[in-house]
Each structure stands twice: as C-alpha cells, then as structure tokens.
Amino acid sequence: MNLVMTIISITLLLSIVLATVSFWLPQMTPDHEKLSPYECGFDPLGSARLPFSIRFFLVAILFLLFDLEIALLLPLPWGDQLSSPLLTFLWASTVLALLTLGLAYEWLQGGLEWAE
C-alpha cells in the first residue's frame with residue numbers, strides 16, 4: 001500500500017509541476033497576425049466564392065483511402081493464429097491488389113498530377 005501511495009503522490013506532484021510550468025513559461029505577445037482568424041490558408045476577409053481546385057480533394061481522398069488500408073491491415077499479424085490463415089492472407093492480398101489497381105488507374109488517368 002505504501003508503494004501505491006508513493007507512485008500516486010509522485011504522479012500528482014509531477015502533473016502539478018508540469019501544468020504550472022506550461023502555464024507560466026510561454027511568452028504571450030499577441031499581435032495582429034496572431035489574433036486574426038485563420039481559415040485554412042484562405043483570406044478570411046475576401047470573397048467566400050473563390051474557385052477551388054478539385055485536385056486537392058482527389059489527393060486528400062486518396063490519402064484517406066490508403067490510410068484506411070493501413071488501419072484495415074494492422075490486425076493482419078494476428079490472422080495467422082486463426083483456423084484458416086491462408087484465407088486471411090487471401091483477403092488481405094485481395095484488398096492490396098484492388099487498391100494497387102486503383103492507384104495505377106488514377107496514376108494513368110493523371111489524377112495524381114498536382115499541376116498541369
């Protein structure tokens with residue numbers, strides 16, 4: 001019980017010290033640029049109807065697609081403990097093949113070209 005109380009008190013003390021240091025350490029020097037709203041690189045005072053390139057959205061969707069692929073394939077190393085690891089490998093290979101074919105199609109169609 002003594003060890004648990006020691007760990008809790010050290011954790012609490014360290015948390016209080018870090019919170020206090022992070023509150024008092026930074027220098028607050030606000031200026032006009034820091035106080036102005038930032039709208040993802042757009043001028044917040046200009047027109048809201050500016051044309052926006054669709055290529056940005058296509059690249060973002062491709063990034064999300066391949067990020068999702070990584071999330072789906074993360075549990076793959078535990079698939080060899082299942083009753084049929086060959087079936088797990090087959091499904092993972094199918095997902096990778098479909099995504100590779102989709103990437104090749106986008107590449108050949110010029111969907112990954114940022115500028116023309």
*Members other than Trp91 in its cluster, when Ile, Leu, Val, Met, Phe, Trp, Tyr link by side-chain heavy atoms under 4.5 Å?*
Leu87, Leu90
*Applying side chain to side chain contact (heavy atoms under 4.5 Å, CB included), name anything that partners Ser9, two or more places apart in sequence or on another chain.*
none
*Look at atom CZ of Phe89 and say whether more than 12 heavy atoms of other residues, nucleotides or ligands are closer to it than 6.0 Å.*
no
*Members other than Met5 in its cluster, when Ile, Leu, Val, Met, Phe, Trp, Tyr link by side-chain heavy atoms under 4.5 Å?*
none
*Hydrophobic cluster of Leu72, others only, ordered by chain and residue number, side-chain cut-off 4.5 Å*: Leu68
*asked:* Side-chain heavy atoms under 4.5 Å apart, restricted to Ile/Leu/Val/Met/Phe/Trp/Tyr: what other residues fall into the cluster of Leu18, or is it alone?
replied: Leu14
*What about Leu62 and Val95, same hydrophobic cluster or not, with Ile/Leu/Val/Met/Phe/Trp/Tyr joined at side-chain heavy-atom distances under 4.5 Å?*
yes
*Taking only residues two or more places apart in sequence or in another chain, which ones pass side chain to side chain contact (heavy atoms under 4.5 Å, CB included) with Leu86?*
none
*Does Thr20 have any side chain to side chain contact (heavy atoms under 4.5 Å, CB included) partners at least two apart in sequence or in another chain, and if so, which?*
Ile16, Trp24
Which pairs of donor and acceptor atoms, one on a side chain in residues 96-109, lie under 3.5 Å apart (sequence neighbours left out)?
unit_1 : atom_1 : unit_2 : atom_2 : d
Thr100 : OG1    : Leu96  : O      : 2.7

*Got a sec, which residues hit side chain to side chain contact (heavy atoms under 4.5 Å, CB included) with Val4, two or more places apart in sequence or on another chain?*
Ile8
